[in-house]
Amino acid sequence: VPPSEATTGRGKGPPVTCPAVPLREGDELTLGIVDLAFGGRGVGRASGLVVFVKGALPGESVRVRVRRVKAGYAEADCVRVLTPSPDRTAPPCRHYGECGGCDLQHLSPPAQAEAKRQQVVSMLGRLAGLAEPPVAAAVTAGGPTEYRFRMDFDWGAGPGGRPVLGLHRAGRPAEILPIDRCLLMPEPADAIRKFTAERAQRLGLLAWDRKRRKGLLRRLGIQMAQTTGETLATLETGRGDPPALAGLARDLVRAFPRVVGVVRREFDRLDRFVGESILCGRDHLFEEVDGDRLKVPAGAFFQPNAAGAGRLREVVLRALDPRAEESILELYCGIGFFTLPVARRARQVVGLDVSREAVVAARDNAARAGLGNTRFLCRDVEEALPGLLNEAGRDALLIDPPRAGLPRAAARAIAGAPVPRLVYVSCDPATLARDIRLLSETGGLRLRSLTPLDLFPQTHHVECVARLDRA
């Protein structure tokens, strides 16, 4: 089984009906689905192979068509559901199946959360070597739709070379699928997307052609604050300064008064970032979480689920349990999303991030909150970590790395440091499990608790908050 295809480890499923002969591409057969793989595909078995079935759920009997056969496993499409799962539900989005953004809309939201918890347990067993990991029930927050703080829509060349703005097509990521409505963002975001696409076409602005390496418009990012209502648009483009681009930005702000700014991020023909500029308004918006007014720059990371941000903070604080006399080191601190509530309970918090605009925003956010016990450093984690760990009096670590997890050198530095406890916030259970294993085997850190949070409904993604204590 491919390493990325961890399963939930549950589900008996109906009896399997399949040929005893080797599977071939194009074969049709009836399968009993016994599990759900990480990524949202059902799992069955036939002819000695694991078969991953798109669109199938545990407990179902389905008719499938084999699409691909590999060493040890096969991939198939669900042709017809013969016996549906009680957890199956009608997908709310008309683009589901065509669009590559969501993969669990056919599973009820409560079952999605439980499936993700089981997948985390399976990952910890397979990748971290933990037979009975202390994984709590999955936490949910907000609704199953319209929860995203940010969405990115890509441009592609449509018929006649006219620009098309949408999301990547499932199974063919190089192709852009035009969409009417994305249910993961509030409705005004779709109105902004449609307006931008139509106005860009009217102004004669060309979409970036990835094959020919020509064109201007690459991506539209929309950030939308749920509490303040402020919206920020980011246009990723190629080189060049057509007057129509500034006109597009002005038209967008006039048409949507809640759009506080339009930012341009420029890339060269080799996809290298060149620079950022403000086309109209300002380059940041404000979002409020638990009474904190947070400045969020266009290029800085912010938690994707705006409705669940407060709940995530709560889970992290409970796991970290900072005390008044303690000094906390926070890696990948971003704009200070976790820093502020931790600083209210601890003696000192030192935050570290490689993004200069995020660090500047974090300092502003801490000052706005009246917190004088924070220090923010703009440095690379791998380079700065050994020295920071050697400073006296580090009582705990809080880390929220990118999806790729900890760099190996950083993980080894943490494993060798005398810090008694660590809270690890992760959006990828596979890299989290890998890092837990390394920290355990080389540093004596033991997983004390792990709470999954379903902050990405309708997709297979899951947030995790893990507490590790030094043995």
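All values below come from the heavy atoms of this structure, side chains included, with hydrogens, waters and symmetry mates left out.
- A side-chain donor from one of Thr237 and Arg264 sits under 3.5 Å from a side-chain acceptor of the other.
- In this structure, CG in Leu331 is found 7.5 Å from CG in Leu406, a value given to the nearest 0.5 Å.
- Around CZ of Arg212, the count of heavy atoms belonging to other residues, nucleotides or ligands within 6.0 Å does not exceed 12.
- Ion pairing between Arg181 and Asp190 holds under the 4.0 Å rule for side-chain N and carboxylate O.
- Under a 4.0 Å N-O distance rule, the pair Arg437/Glu441 qualifies as a salt bridge.
- Of the inter-residue distances, the one linking Thr196 atom OG1 with Leu220 atom CG reads 5.0 Å to the nearest 0.5 angstrom.
- The closest side-chain donor-acceptor pair between Glu287 and Gln226, if any, does not fall under 3.5 angstrom.
- By the 30° and 60° cut-offs, the orientation of the rings of Phe52 relative to Tyr73 is perpendicular.
- Under the 3.5 Å distance criterion, with hydrogens and angles disregarded, no donor-acceptor pair is assigned to the side chains of Gln223 and Thr231.
- A cation-pi arrangement, defined by a distance under 6.0 Å to the six-membered ring centre and an angle within 45 degrees of its axis, is present between Arg265 and Phe273.
- Around the CZ atom of Arg470, the shell of radius 6.0 Å holds more than 12 heavy atoms that belong to other residues, nucleotides or ligands.
- Heavy atoms from other residues, nucleotides or ligands lying under 6.0 Å from CZ of Arg213 number more than 12.
- Under the 4.0 Å criterion applied to side-chain N and carboxylate O atoms, Arg65 and Asp77 are not assigned as salt-bridge partners.
- Around NZ of Lys194, the count of heavy atoms belonging to other residues, nucleotides or ligands within 6.0 Å exceeds 12.
- Counting non-hydrogen atoms of other residues, nucleotides and ligands closer than 6.0 Å to CZ of Arg210 gives a total above 12.
- Of the charged side-chain nitrogens involved, at least one lies within less than 4.0 Å of a carboxylate oxygen, so that Arg219 and Asp154 count as a salt-bridged pair.
- Under a cutoff of 6.0 Å and an axis angle of 45°, Arg313 and Phe337 form a cation-pi pair.
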